[in-house]
Amino acid sequence: MKNNDYKKFYNSPEDALEGLLFDGMTIMSGGFGLCGLPENLILSLRDSGVKNLTVISNNAGTEGHGLGLLLETKQISKAISSYVGENKLFEKQYLSKEIELEFNPQGTLAERIRAGGAGIPAFFTATGVGTLVSKNKEHKTIKGKEYILESGLISDLSLVKAWKGDKAGNLIYRKTARNFNPVMATAGKNTVAEVEEICEVGELDPDQIHTPGIYVKRIIKGLNYSKAIENLTLSED
Amino acid sequence: MKNNDYKKFYNSPEDALEGLLFDGMTIMSGGFGLCGLPENLILSLRDSGVKNLTVISNNAGTEGHGLGLLLETKQISKAISSYVGENKLFEKQYLSKEIELEFNPQGTLAERIRAGGAGIPAFFTATGVGTLVSKNKEHKTIKGKEYILESGLISDLSLVKAWKGDKAGNLIYRKTARNFNPVMATAGKNTVAEVEEICEVGELDPDQIHTPGIYVKRIIKGLNYSKAIENLTLSED
Amino acid sequence: MSWNRAEMCKRAALELKDGFYVNLGIGMPTLVANYIDKQKNITLQSENGMLGMGPFPKPGMQDPDLINAGKQTITSLPESSYFSSADSFAMIRGGHIDLSILGAMQVSKQGDLANWMIPGKMVKGMGGAMDLVAGVKKVLVLMDHNAKDGSPKIVNNCDLPLTGKKVVDLIITNLGVFEINQGVKVKEIADNVTKESLINKTETELLF
Amino acid sequence: MSWNRAEMCKRAALELKDGFYVNLGIGMPTLVANYIDKQKNITLQSENGMLGMGPFPKPGMQDPDLINAGKQTITSLPESSYFSSADSFAMIRGGHIDLSILGAMQVSKQGDLANWMIPGKMVKGMGGAMDLVAGVKKVLVLMDHNAKDGSPKIVNNCDLPLTGKKVVDLIITNLGVFEINQGVKVKEIADNVTKESLINKTETELLF
């Protein structure tokens with residue numbers, strides 16, 4: 001039989017990030033709001049002290065959660081996001097020009113990341129035509145409709161969170177905690193994943209794997225998930 | 001509770017294609033080789049007598065299987081494929097100019113279909129640069145590398161085959177029979193699916209659905225799958 | 001007199017046809033879900049990666065892995081499916097969603113929409129709004145007819161930065177229903193609202 | 001004397017490094033799988049939508065839903081995963097596959113590859129070859145040094161239509177191993193092959 005040691009399983013987030021960090025790097029971080037965040041890896045990223053980061057993430061976390069942790073330590077110098085409404089600290093650092101901000105429409109952001117991972121340097125989309133987003137971008141009329149050219153995005157390091165993963169790096173996500181994680185996994189020069197349940201190779205159904213192991217360089221079992229709820233809304237019945 | 005009758009489940013392939021066919025239309029047909037073919041729908045398409053079809057499919061079937069059936073009846077006037085090597089009848093009709101043929105690199109074909117379904121009219125790719133494929137296509141140098149512009153593809157009707165499906169149109173594929181089926185499902189103005197097992201709504205795990213029901217207009221349970229093997233290869237041990 | 005929020009949502013819900021796949025924006029549009037006719041088969045999409053969105057959970061049944069685009073806890077339904085953000089916006093951009101209902105700051109007579117930023121104020125981001133208006137088959141704006149200071153929100157030209165150009169199909173306000181079709185056409189007027197007051201409260205010309 | 005097919009495949013297998021994800025083309029490249037060092041962790045990709053391709057099935061164990069890109073029946077392994085053709089070529093185009101081994105009709109000194117059509121003959125199609133050579137990190141050509149009529153296949157310029165331009169990194173033939181690096185550099189010569197005969201059988205200049 002073939003050698004099945006993928007050398008991808010690490011014992012701690014610190015070990016998993018070892019050698020992959022440098023000042024000024026670009027990091028993608030999965031999650032939507034506080035849902036599906038790589039909590040352990042973000043904590044470890046904070047503790048590493050790496051700085052001057054460009055962070056690509058749909059949101060900027062909240063105070064005390066997600067990327068909010070890296071704002072407190074002023075490790076982020078630029079953010080590429082679609083919505084940062086829930087973070088006062090972000091607002092403060094933005095207004096004081098400590099942070100540069102690039103807003104992308106959420107679907108354009110997701111597709112730019114997908115394109116980056118798929119080797120597509122640029123694609124046309126109707127999203128943002130006639131708005132500030134289209135400024136300085138190439139326009140093209142195709143079959144009578146106007147589009148703008150958007151570029152693919154890649155990262156030096158992508159941090160993703162899945163529900164289950166095996167030691168070959170295969171990942172399965174749960175419910176809406178999937179969100180940006182699978183595309184970010186494809187778009188990292190290196191991708192590190194954290195999972196709630198680590199499995200032996202062969203335990204996952206190959207038809208159900210959302211992220212094939214090829215995209216995951218290192219994997220850890222995450223601990224102590226806070227899984228904070230940003231907006232608890234209950235039925236009144 | 002909400003109304004859960006999606007009105008998508010049809011009793012036969014004939015019923016499922018009723019009203020969706022017209023001469024000169026463009027049809028996408030899933031499958032790779034003879035694997036994952038919408039066998040029942042192709043038979044019904046043949047029997048409908050609709051003609052002058054443009055067919056987008058990775059391969060052209062073999063004699064007696066897949067799109068080979070539509071070649072016998074001369075219903076296809078143009079094919080967009082990546083490889084048609086296994087079909088002598090195709091060769092004959094091509095050489096006698098009865099069929100027009102457009103070859104696409106397999107990955108470009110898959111991505112053009114994905115783009116069509118995703119509302120992306122065109123994208124840049126390095127595939128085919130410096131080859132016949134790049135002829136008359138827009139070239140662009142991005143970060144020092146040359147790319148060509150490829151357009152999105154959509155169909156009037158996509159025929160796909162899945163393993164399991166529910167009456168809301170949600171689909172799950174099996175092993176490598178998945179291939180082109182999921183992207184073609186997204187790129188049809190109408191998509192009809194056939195499945196080996198039809199389920200009631202709620203029987204499929206929502207984390208494991210490959211094609212969400214929104215992409216499937218009609219669904220049938222297929223019968224008498226031949227599932228021919230094109231190249232039976234066995235281990236010698 | 002005019003329609004209250006419940007009446008506005010009820011009127012908007014009538015635009016949801018049997019078999020529709022619908023995306024409801026954050027805020028008042030989310031409330032439209034409460035008024036959907038149970039005889040109709042309507043599937044709600046949430047752009048963070050879900051089709052078949054169910055109601056808010058009962059106390060204790062919330063799941064942090066299951067939220068909508070407004071980050072609210074929600075539930076699933078038997079027909080639900082989950083997918084990535086890229087797949088979700090492929091669905092939106094590809095024109096597979098029948099209807100999107102969004103709020104607005106301004107809508108122009110050409111159907112231009114402004115709903116994401118006010119110059120000089122902190123910008124929170126456009127989220128998925130630009131993708132929705134560019135991709136969804138039909139865009140319905142649900143908003144108060146006038147801003148808090150009384151200024152009209154249906155205007156000749158938006159002076160706020162746009163979310164999309166020529167994207168709005170229908171507007172429902174507390175004063176009526178308006179179709180964008182070579183100008184702003186009045187389809188319905190709310191109870192006890194006069195034609196004259198409607199004209200006074202609208203910047204652009206209304207076609208009756 | 002020169003290497004036979006088994007020896008060529010064995011030599012090619014040495015290029016598969018521990019941890020590599022590899023795509024093997026149809027024909028002789030497929031046979032390289034038989035010579036992979038079991039001490040190494042190598043994962044084979046099949047472009048029709050599979051990672052972790054296993055050996056051919058034992059009689060009676062074939063599954064029509066499980067084939068490779070050559071339409072041969074295959075098996076899965078514990079680490080296998082399946083995905084769509086679009087996702088498969090996203091993986092290939094995105095540069096995630098470490099090595100692809102392909103056959104060839106001609107390779108030029110610049111690394112241009114011709115392996116999909118002969119003008120005047122029926123064209124079967126390029127399949128996934130153009131995508132593989134454009135996307136995979138390293139491209140290895142495995143072919144006979146000369147065509148059946150004796151004509152050289154390592155040439156100054158390909159006269160057959162190209163599959164890709166400047167895409168080949170390494171060539172393994174029955175006569176040796178050649179690196180494309182500002183010309184064709186001889187890395188190894190097969191047993192009992194003379195430098196002179198190698199030069200005679202190659203159109204382009206060889207760098208020793």
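The sequence lines fix the lettering, A, B, ..., with proteins before strands; numbering per chain opens at 1.
The closest donor-acceptor contact from the side chain of D:D131 to the backbone of B:Q106 lies under 3.5 Å. Not one N or O on the side chain of B:T176 forms a donor-acceptor pair closer than 3.5 Å with the backbone of D:G49.
Using a 4.5 Å cut-off between heavy atoms, D:T163 touches chain B through its backbone atoms (N, CA, C, O) alone. Heavy-atom distances place the side chain of B:E196, and not its backbone, under 4.5 Å from chain D. In this structure, chain D has no heavy atom under 4.5 Å from any part of B:K92. At a 4.5 Å heavy-atom cutoff, D:M61 makes no contact with chain B through either its backbone or its side chain. Heavy atoms closer than 4.5 Å to chain D are found in the side chain of B:Y94, but not in its backbone. Residue D:P55: no heavy atom, backbone or side chain, is found under 4.5 Å from chain B. Neither the backbone nor the side chain of D:D87 comes within contact range of chain B; no heavy atoms are under 4.5 Å apart. Of the atoms belonging to D:V133, not a single heavy atom falls under 4.5 Å from chain B. Using a 4.5 Å cut-off between heavy atoms, D:I92 does not touch chain B at all. Contact of B:I229 with chain D is made through the side chain alone, with heavy-atom distances under 4.5 Å.
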Evaluate the salt bridge (charged side-chain N to carboxylate O under 4.0 Å, His left out) criterion for residues D:D63 and B:R174: first the C-alpha distance (whole Å), next the side-chain angles of each, then the deciding distance (0.1 Å), finally the verdict. CA-CA 11 Å; D:D63 180 343; B:R174 185 171 177 273; 2.8 Å; yes
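Of all heavy-atom pairs spanning D:M126 and B:F103, the tightest one is CE-CB, 3.7 Å. Between D:P59 and B:S235, the shortest heavy-atom contact is CD-O, 4.4 Å. Between B:T127 and D:A134, the shortest heavy-atom contact is CA-CB, 3.7 Å. Taking all atoms of both residues into account, the shortest heavy-atom contact from D:P64 to B:K227 is CB-O, 3.4 Å. Heavy-atom minimum distance, B:F180 versus D:S85: CD1-OG, 3.2 Å. For the residue pair B:T131 and D:G164, the shortest heavy atom distance occurs at CG2-N, 3.9 Å.
Residue D:K17 qualifies as enclosed at atom NZ: its count of foreign heavy atoms under 6.0 Å is above 12. In D:K185, the NZ atom is not crowded: 12 or fewer heavy atoms of neighbouring residues, nucleotides or ligands sit closer than 6.0 Å. More than 12 heavy atoms of other residues, nucleotides or ligands lie within 6.0 Å of NZ in D:K153, so this atom counts as buried by the packing criterion. Counted within 6.0 Å of NZ on D:K10, heavy atoms from surrounding residues, nucleotides or ligands total 12 or fewer; the atom is thus considered open. A 6.0 Å sphere centred on NZ of B:K175 holds more than 12 heavy atoms belonging to other residues, nucleotides or ligands.
Between chain D and the options B:P182, B:S81, B:S82, heavy-atom pairs under 4.5 Å are most frequent for B:S82. The candidate from B:L132, B:I113, B:L95, B:N181 with the greatest count of non-hydrogen atom pairs under 4.5 Å with chain D is B:L132. When the candidates B:A228, B:A110, B:S134 are compared by the number of heavy-atom contacts under 4.5 Å with chain D, B:A110 comes out ahead. If you tally non-hydrogen atom pairs under 4.5 Å between each of B:C35, B:G33, B:G130 and chain D, the highest count goes to B:C35. Heavy-atom pairs under 4.5 Å with chain D were tallied for B:N59, B:V129, B:L34, B:N58; the largest tally goes to B:N59. Each of D:Q72, D:E47, D:M50 has some count of heavy-atom pairs under 4.5 Å with chain B, and the biggest count is that of D:Q72. The residue among D:S46, D:A69, D:S80 with the most heavy atom pairs within less than 4.5 Å of chain B is D:A69.
Note that OG1 of D:T75 and CG of B:L234 are 11.0 Å apart. Values are rounded to the nearest 0.5 Å. A distance of 10.0 Å separates CD of B:E146 from NZ of D:K166, quoted to the nearest 0.5 Å. Distance check, rounded to the nearest 0.5 Å: CD of B:E91 to NZ of D:K124 gives 7.5 Å. Here the straight-line distance linking atom CG of B:N231 with atom NZ of D:K71 works out to 9.0 Å at 0.5 Å rounding. Distance OG/D:S84 to CZ/B:F32: 13.0 Å, rounded to 0.5 Å. Between the CD1 atom of D:I26 and the OH atom of B:Y83 there is a distance of 6.5 Å, given to the nearest 0.5 Å.
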